[in-house]
Structure formats: structure tokens, C-alpha cells
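All heavy atoms count here, side chains included; hydrogens, waters and symmetry mates do not.
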Amino acid sequence: MMSGPKKWSPLNQRRWTNFKANKRGYWALWIFLLLFIVTLFAEFISNDKPLLIKFNSHYYFPIVTSYPETFFGGEFETEARYRDPFVKKLIEAKGWMIWPAIPFSYNTINYDLTEPAPSPPSKVDWLGTDDQGRDVLARMIYGFRISVLFGLTLTLLSSVIGIAAGAVQGYFGGLTDLLFQRFIEIWGGMPVLYLLIIMASLVQPNFWWLLILMLLFSWMSLVHVVRAEFLRARNLDYVRAAKALGAGNLVIMFKHMLPNAMVATLTFMPFILNHSITTLTALDFLGFGLPPGSPSLGELLNQGKNNLQAPWLGISAFCILAVMLTLLIFVGEAVRDAFDPRKFNGGKP
């Protein structure tokens, strides 16, 4: 396999070689990306709407556009419910439908169960249903996507704020560093869970509310790393030379010093992503996370705890979380090896 694009510098090519040398992390990255990309198209894999309908020589795409029942000869002006036997009969009398591989969305209730919910795995519900009759596999697919998107967004935003705060502390030092450190000590001692409980009693939590609340505290995870790098580098010769040439503080901080600090930052980011996903899962498990009915892995874990007679609930949630977090840990280890200056080509010291 190639060691990387030719336009890469020798240093970056060496890092890419070291990353690939960690076979566990290298393949974990591709497996994680494959799972994530697949779940990004969850609506085309798991949905209670057909992918394509041919009716009266016309083609319809229910996933993209909503069609009233009257389009297909029904009586109601509301959106057609394609799993309704009456609507199915109307469409199949003059055409056909192509369904996704899993004919359920994350909130679709299966009213045709042969056993009380939560029902065990079957040919229709491959991983069974939860205590409300919703397909477990469909909820896992959507839950995986929202967990990763939440984690990626929180990691990106908190890293930007944390890097900027750490850079300011380390570069200016002195009183600025002292005041920032005291603020971080006070802010980091705030009871995050209690604040989330209070906010949950005042407003209905949703994706963006949770993101903002978690961002208020998660930005501190990278401050100490970046601060230490800037404190170490601010008196080096290349920084003094840039100051002597009249370069501004922002130019020195973010053009000259930040690339050196990014090595430690990138090493920590996969683990921050892991922590963000775990935090969302824990909040959902406790009932202070996403709104009720949302596709949540934490809520699925909670259902497994409350329905011990249905082991497929807890086992399914545990397996998907274990796979997701393990893959991220392996990727983090490979990134750490890639940026380790003690390792040369092939990951060997």
C-alpha cells in the first residue's frame, strides 16, 4: 500500500506509516468509518416508508416527499401510512412498492406482533422489539448515528474553545495565566449532573440544548495540554525571531506555535470523542438526555435494565456500544503512535 500522497511532507508520510503499522488501529478506523457512513443513510436502510412507489404509471419517492393518502385513492388528506393494509392494497392494485431492508423507522410501532412487547427476535424484527413494540435494530442504527454526530460536534467545538483558551494562557502567561487557571478550577468544580437535572426541569432537553450544556464544561479537557505546549515554546528561538521581525501575537500563536501544539491535541481527540459519546449515553440512561422517543442507545440500555426477561435489549445495546467505543480506543492508540516522535517508519523505535 502507498505510504501516503506524494504532496505530503516526509514528516507526515512517516506519521501515516506509523499509523498504518498499528494494524489494530488502522482497521478499526476503516470499520468505524464504514459503520458511520452506513448509518448516515439510515433513512434508506430502515424506514416505514417505501423507497420507491409506482402507481398509475407514475413514480413516487416517499422518503423525499410526503404524499397524502388521496394520491393513491384513499380518503384522508394527511400523509399516507404505507404500512396500513388498506393503503398497501390501494397501491398494489395499480402498482408496486420497494421497501428498505428494514421496514421500520426508529419510532415505528409494530402492531402485528405475535407476542407481547418486548417481543424476541424474529424474521420480521431481527433483534426483537422494545417494550413499546419498536424495532430494536432500527433504533440501534439511528442511535449509533446520533451518538457519533453528537460526539463529533461536541469534540470539534470543545477542541476549538479549549485550544484557544490554552493558547492564550500559555502564550501570555503571568497574570493572564493565573486568572484563567483560577477560573478553570472554579468552573471545573461545578456539579455538572445537578445542573443538567435543573435544566431538564426547566426546558425540554434536545440535541442542541444538550450540546450547549455539555460544551460549557467539556472545553476544559484540552486546555492544560495546549497551555503546557505554549508555555514550553514561547521562549524558544523561533518565537523570539518572529517577535523581532514584528509579527503580531495572533500570527505567532496560531501560525507558528499552534502546529507544534496540535500534535498533543490530535492525540487526545479520539479519547475526547469517546468520552462525549459515553456522556450522552449515560445521560440518556438516567433520563436526562434526549427527548423521550428519540433513538438513544442509553435509553435502550435502560429498557434492558427494566426488562430483564428480554435479554436481547441489554445485549444489543451493550454490543453496539462496546464495538463503537473499542474501535475509537484502537484509533486513538494508532494516532498516539503516529505522533510519537520516538517511533520511526513502521512504528518501531
Side-chain angles (χ1 to χ4, degrees), residues 150-200 202-203 205 207-280 282-283 288-289 328 332 335-336 338-341:
F150 181 89
L152 287 173
T153 306
L154 181 59
T155 300
L156 178 62
L157 295 178
S158 60
S159 296
V160 170
I161 298 174
I163 290 171
V168 171
Q169 280 187 251
Y171 180 78
F172 291 104
L175 183 61
T176 301
D177 184 34
L178 180 65
L179 293 177
F180 259 98
Q181 283 297 99
R182 300 293 80 78
F183 171 76
I184 290 176
E185 290 174 3
I186 296 172
W187 193 247
M190 299 286 284
V192 181
L193 181 58
Y194 290 158
L195 291 176
L196 290 172
I197 294 174
I198 293 171
M199 292 303 298
L202 298 177
V203 297
F207 183 94
W208 298 109
W209 264 109
L210 282 176
L211 184 65
I212 293 172
L213 290 175
M214 294 304 302
L215 183 60
L216 292 176
F217 301 94
S218 63
W219 62 270
M220 293 180 287
S221 56
L222 283 176
V223 171
H224 302 297
V225 177
V226 178
R227 171 179 172 268
E229 290 292 327
F230 271 71
L231 282 173
R232 180 184 62 83
R234 67 175 184 160
N235 292 321
L236 295 180
D237 292 340
Y238 74 92
V239 176
R240 292 181 178 181
K243 289 181 179 179
L245 292 173
N249 290 331
L250 290 178
V251 173
I252 296 174
M253 289 168 60
F254 294 103
K255 184 177 180 180
H256 299 292
M257 300 177 68
L258 183 59
N260 295 324
M262 287 302 294
V263 172
T265 300
L266 291 173
T267 303
F268 274 91
M269 288 185 73
F271 301 100
I272 297 174
L273 174 59
N274 207 326
H275 178 263
S276 302
I277 294 174
T278 305
T279 302
L280 177 64
L283 289 174
F288 302 113
L328 288 174
V335 172
R336 180 195 61 196
F339 286 95
D340 189 344

Between the CG atom in L156 and the CG atom in L215, the distance rounded to the nearest 0.5 Å is 10.0 Å
Could you walk me through whether Y171 and T176 pass the side chain to side chain contact (heavy atoms under 4.5 Å, CB included) test, one step at a time? CA-CA 9 Å; Y171 180 78; T176 301; over 6 Å; no
Give me the atom names and distance for the closest heavy-atom approach of S276 to T155. OG-OG1, 3.6 Å
Specify the closest pair of heavy atoms between N235 and R240, including all atoms of both residues, with the distance to one decimal. O-NE, 3.3 Å
Go through I252 and M257 one step at a time and tell me if the side chain to side chain contact (heavy atoms under 4.5 Å, CB included) criterion holds. CA-CA 6 Å; I252 296 174; M257 300 177 68; 3.9 Å; yes
Residues L211, L157; criterion side chain to side chain contact (heavy atoms under 4.5 Å, CB included); working and verdict: CA-CA 9 Å; L211 184 65; L157 295 178; 4.2 Å; yes
What closest approach, in Å, do N249 and F172 show between heavy atoms, and which atom pair accounts for it? ND2-CE2, 3.8 Å
To check you understand the geometry: which heavy-atom pair defines the closest contact between G170 and R234, and what is its length? O-CD, 3.3 Å
At what distance, to the nearest 0.5 angstrom, does CG of L216 lie from OG of S158? 11.5 Å
Report, as yes or no, whether the 6.0 Å neighbourhood of atom NZ on K243 holds more than 12 heavy atoms from other residues, nucleotides or ligands. yes
Please report the C-alpha distance between I277 and L328 in whole Å, then the side-chain angles of each, then the deciding distance to 0.1 Å, and finally whether the side chain to side chain contact (heavy atoms under 4.5 Å, CB included) criterion is met. CA-CA 10 Å; I277 294 174; L328 288 174; 3.7 Å; yes
Minimum heavy-atom distance between V223 and A165, given as atom pair plus value: CG2-CB, 4.1 Å
Do you know the tightest heavy-atom contact between L154 and S218? CD1-OG, 3.3 Å
Under a 4.5 Å cut-off applied to non-hydrogen side-chain atoms, are M269 and V335 in contact? no
Using 0.5 Å steps for rounding, measure from the OG1 atom of T153 to the CG atom of L210. 12.5 Å
Give the table of side-chain donor-acceptor pairs shorter than 3.5 Å for residues 178-185, with sequence neighbours excluded, one pair per line with atom names and distance.
{"residue": "Q181", "atom": "OE1", "partner": "Q169", "partner atom": "NE2", "Å": "2.8"}
{"residue": "R182", "atom": "NE", "partner": "E185", "partner atom": "OE1", "Å": "3.1"}
{"residue": "R182", "atom": "NH2", "partner": "E185", "partner atom": "OE2", "Å": "2.6"}

Rounded to the nearest 0.5 Å, how far apart are CG of L273 and CZ of F150? 11.0 Å
Interatomic distance, CG@L250 vs CE@M253, rounded to 0.5 Å, equals 6.5 Å
Show every donor-acceptor pair shorter than 3.5 Å between a side-chain atom in residues 224-233 and any protein atom, with sequence neighbours excluded, or say none if there are none.
{"residue": "R227", "atom": "NE", "partner": "D177", "partner atom": "OD1", "Å": "2.7"}
{"residue": "R227", "atom": "NE", "partner": "D177", "partner atom": "OD2", "Å": "3.4"}
{"residue": "R227", "atom": "NH2", "partner": "D177", "partner atom": "OD2", "Å": "3.0"}
{"residue": "E229", "atom": "OE1", "partner": "R232", "partner atom": "NH2", "Å": "2.9"}

With heavy-atom distances below 4.5 Å as the criterion, would you say the side chains of V251 and H256 are in contact? yes
